[in-house]
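Worksheet: the structure to be examined is printed underneath.
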Amino acid sequence: MKVNLNRGLWNHSLKIAIRIFRQNPIFSGINVIGLVLGIISFSVLLLYYVQETSYDDHFPNAENIYRITINSTEDGSYQESARSPIPFLDFYHEAVGSELVLARMIPWPGYLKYQANQKSKENQFVFADPEILDIFPMEVRQGSLENSLQAPFQLIITQSKALQYFGEQNPIGQTLSFDEGSDELSFTVTAVIEDNPFNTHLDFDFIASIKSLDQFAPWYYSWFYPTAFLYARLEPEANLSSLEKVAQDVLNTNAKPGYLDSNPEIVFQPLTDIHLQSNRQGEWKPNNTQININLFLLLGMFILLIAIINYVNLTTANNQKRMKEIGLKKTMGSKRDQLIQQFFVESWLIIAISFVLSVLILLIIWDPLISKLIDGNTISELLVNYQLTIWVLLGLIVTSGLAGFYPTLVTIKFNPIDAIKNNIGKYMNKGIQRKTLVSTQFSISMILILITMLLIQQYHYLTSKNPGFSKDYHVAIKMADDHDIQHVKELKAQLSQLSFIQNTAASSAILGLSESFHGFDVKFPDRPNFQGIEWPTLGVDEDFLKTFDIKLASGRDFSKDYITDQSEAFIINRSAADHLGGELLGENIELSIYTGKREIRKGKIIGIVEDFHFKSFYQSVDPLVIYINQHPNFTDFLNIKLSPGSMADQIEAIESVYKAFNTDKPMELLFINDEIASTYQRELASGKIMLLFTVLSIFVAALGAFGLATHSFRRRSKEMGIRKVLGASSGNITLEVLKEYLIIVSIACISAWPLVYYLSSKWLDNFAYATDFGFVNYLIGLLILILVIVISNLHQLIRSIKLNPVEYLKDE
Amino acid sequence: MIQLNNIDKYYSSKFTRTFVLKGIKLEIKSGEFVTIMGPSGAGKSTLLNIIGLLDQPSAGEYLFMEEPVHHFKERKRSELHKHHIGFVFQAYHLIDELTVYENIETPLLYKGIKGKQRKAMVAEILDRFNIVAKKDLFPEQLSGGQQQLVGVARAIVGQPKLLLADEPTGNLHSKQGQVIMELFKELNAEGMTIIQVTHSDENAQYGSRIVQLVDGMIRSDQAVLPAHPKHEG
């Protein structure tokens, strides 16, 4: 298309465009607000998508780095672990040597001495092989990485931790004390590195040399526990499948026999896949999913689409008012491309204004709001990535450019004679394109409303469903050290003095926290078919069932009256009983517990409890074996049942008791409710983002509906006048106005409902326990949509009802 | 049936009042066929709108069927209007999106008349006006005369006591106009009260009384002389 680049004409076009803009503040305002919201939402969600897909790809040779993980199957129970056994590396290294670089990272949370007598819990403390620095090169701020992890008790710390522990002092060569039971280990800082960027799956603040472990915890070199994250960097030309095969062979030939019972299978995970595709046991931190981020990207596109539809609808509707101008210009010899130019200038003026505003608003709100919302980077970090910025800008410019075309093309089609006579009915009444576009908007809104409702309802369901144990007034003190563990009975006694404490019980795991349950081999000597099943276990004291109000189905609770309970009594849950079948009370049972060595406990089943959800509602209730534990290895928590009333006061009192009990460590308190809720954090986070952007998208759609209602009033005011003269009441008029939406809303329902039905049943399949997202919810969604339509039409509705027919029916 | 006492209609701007109607006194009995005449801007349409309860007087009393409608609330006025008054316009004012049938049916819908009876009433009117064949057409497919016929049909389908017509033949050529006026005469003979506004002396002769309006005031109010009849038939 040849556009006449006449300077005078451009000025003329621009002048008219600005006047049109000023004459129609409502239309222009709605257009700009809608587009700004659309552009901002889209940019945020696109950047979120880019951010989530960028995980770990900043490491050089990221495409050649793999995490070596283990899938295991033991007696039908399948497990995917993110970690591998520690000795594996050495055998594998011997076998493949030069073809890859291997390194382990072993998380080892502990207490670091902080100033004189303070200790602070550091969860992101790891021991690692020096090769880790080859695989994941790190930016050094102070010191040198050269030989920084070779010798025992060398330590690399991150910039922010350096600041926390050493302030302005130079940390290099200084020491930090690590609390390891009776020992205090002194680590020398060899280097300070940059903090981890947010977009890596790695999560550590301290890296200590692995050789240190040989010095103070040589037992770490075990096939069973602890486990390590194992990374491998392959040479570019290396053959992955043959390396995997070698790894499997190495494992099968060298692993301890007991280890192979679980049929371990080696899996190489590409580094950059971890954040979006891995959901294994013992991940560094919870990962995201591809579906989740796709959903958000789609959401962003939807909002932009709604905004563009608004823009197109409003602009074409508004241009119809100006048919006289167009007709006159045509008859005065304005050429087609001159007219096109006029309308392009107008279309793009609005787009340009919206665009600039969006960018400004984004720059302002990014750091305080958005970067927190999407748990991502700051604007300066984004701008550094100029390629990304350019792509986003380019995408938006192209999209909005295309959006500018359509109204122009529709407008210049007007026939000049119709136009001069202002015979706009011909072009207005059909309005099929517009209705199609509006139907699309409302279909999208309906989908978003329903999906948001689904997410929120499922989250609510998961967090409020009765798990089979009481949890609302329950907290747990995490045992900080050997002192706590050895004297847990004293702590119990001291706490029992507090009047508001109803009960206390030690346990090896936190209810609701899947990962805290240890799995051990269970045998039933009377039942040869069920030899050696690995089941989750829970080591407790005699007060546990009472503390959590767990119901017994049959048999009895543990009791201090039977001294033999401490070693010979077992309680299993109904799921375990169902698994075995038959009358189980009094049957023999054997449990192998690993307490530094394998210890076999033989005893009898004394009780069966009703199933309670000791893991999340993602899963159905697994079989569970409960036993009395007195071994320090599994005395990890002291659960406390409080009384209704001020939590703060009660916790303060507990804290002061603990302070006197353990003078060394700060108290680490867990709220059972919070721990359970944290399992569903992903649902909550997704729900929040969905809710925010759904509200935005509905607002944008409502803006459009408002604009169209204004337009529709202009078109139908005379008709409404006639109807009033014919005796239409306010109710009749209201119905008449809203009738226009009947088809639109029907289309929205017909297109959105089956899709949402499909998606929701698919998504809810992920949960063993899912909310019932029934027809009522769809009706509520419909009601919300109708409400939005009524509200956005309210102004015009009142105008229509109040309209004085005499004014609109003057015969000229 | 209609009694107007000192009706004023004016528009106030800051310091002045512009009178459209001033001191109108008019009584119209049931069964009359009154023509309101006068130059453009004399206030004819405004008077008609006030009588038709579409507009309110600024001052004065209006008794419609012995009821003081100037005291009535909007809702009650519109009830009266809906049940007793039919309107015919110069520009027909049919609803473009509705067929002939639907246009005629609309006032019955608003009166709340039930399906069967409604159908019968519309059918009767269509039949009477000889437009049964056109019932499924849209207004734009009809000639002006036909459109006005539909306009009249729509105005009387609800059997109002009072028919108001604002220049009903203004947009029609004379032959079409005559058809409409003959129809009016017939309706009047059946007992319907009719008030029309017109410029045409010829049309005025169809009525029984002529009210001359000039500058918002009644200049004359005379019966049409039966001695001077138009050729009928």
Side-chain angles (χ1 to χ4, degrees), chain A residues 320 415 417-418 421-432 434-435 708-709 711-744 797-812, chain B residues 9 20 40 44-50 52-56 74-98 102-113 138-140 151 154-158 160 164-168 170-171 197:
Chain A
Q320 279 164 345
N415 173 328
I417 294 172
D418 289 333
K421 284 183 168 168
N422 228 359
N423 185 4
I424 50 180
K426 208 166 174 180
Y427 299 91
M428 276 186 163
N429 293 340
K430 305 293 179 274
I432 288 175
R434 186 167 310 130
K435 285 200 169 129
L708 283 182
H711 169 69
S712 163
F713 176 78
R714 203 160 57 211
R715 180 167 61 83
R716 296 187 68 187
S717 51
K718 192 171 147 192
E719 180 199 329
M720 292 304 164
I722 299 171
R723 288 184 184 277
K724 285 194 108 167
V725 172
L726 296 180
S729 63
S730 307
N732 297 138
I733 296 284
T734 307
L735 270 183
E736 200 57 53
V737 170
L738 294 180
K739 217 168 74 182
E740 276 198 281
Y741 288 91
L742 194 69
I743 295 174
I744 290 172
L797 209 54
I798 292 170
R799 270 176 82 184
S800 298
I801 289 169
K802 290 226 166 131
L803 150 163
N804 178 359
V806 175
E807 278 175 46
Y808 290 87
L809 297 178
K810 281 191 182 128
D811 296 321
E812 287 177 70
Chain B
K9 178 74 181 175
V20 184
S40 292
K44 305 184 296 290
S45 294
T46 308
L47 180 57
L48 201 66
N49 286 335
I50 288 174
L53 302 172
L54 292 178
D55 208 348
Q56 280 178 277
E74 165 87 28
R75 175 176 284 265
K76 204 161 175 201
R77 270 208 315 275
S78 85
E79 277 301 302
L80 275 179
H81 165 101
K82 180 155 81 178
H83 288 289
H84 301 299
I85 301 172
F87 251 97
V88 176
F89 301 93
Q90 176 178 1
Y92 330 131
H93 285 332
L94 301 178
I95 298 173
D96 296 336
E97 288 83 1
L98 302 182
E102 290 161 347
N103 261 292
I104 297 173
E105 188 189 28
T106 307
L108 300 181
L109 287 172
Y110 293 147
K111 279 178 89 168
I113 292 169
F138 286 92
E140 60 177 19
R154 187 181 64 180
I156 66 161
V157 68
L164 301 174
D166 195 351
E167 304 258 13
N171 284 10
V197 165

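Naming convention: chains lettered A, B, ... in sequence-line order (proteins, then strands); numbering from 1 in each chain. All heavy atoms count here, side chains included; hydrogens, waters and symmetry mates do not.
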Could you measure the distance from the CZ atom of B:Phe87 to the NZ atom of A:Lys724? Nearest 0.5 Å is fine. 14.0 Å
Ordered numerically, the heavy-atom neighbours of chain B under 4.5 Å found in residues 730-741 of chain A are A:Asn732, A:Glu736
List the residues meeting salt bridge (Lys or Arg N to Asp or Glu O under 4.0 Å) with B:Lys82, not counting sequence neighbours, and say none if there are none. B:Glu79
Inter-residue atom distance A:Arg716.CZ - A:Leu803.CG, 0.5 Å rounding: 12.0 Å
CG of B:Asp55 to CG of B:Asn49: how many Å apart, nearest 0.5 Å? 5.5 Å
Output for pair (B:Ile95 CD1, B:Thr106 OG1), nearest 0.5 Å, gives 5.0 Å
Portion of B:Ser78 that has a non-hydrogen atom of chain A nearer than 4.5 angstrom: neither
Of all the heavy-atom pairs spanning B:Leu94 and A:Ile722, show the shortest one and how long it is. O-CD1, 3.8 Å
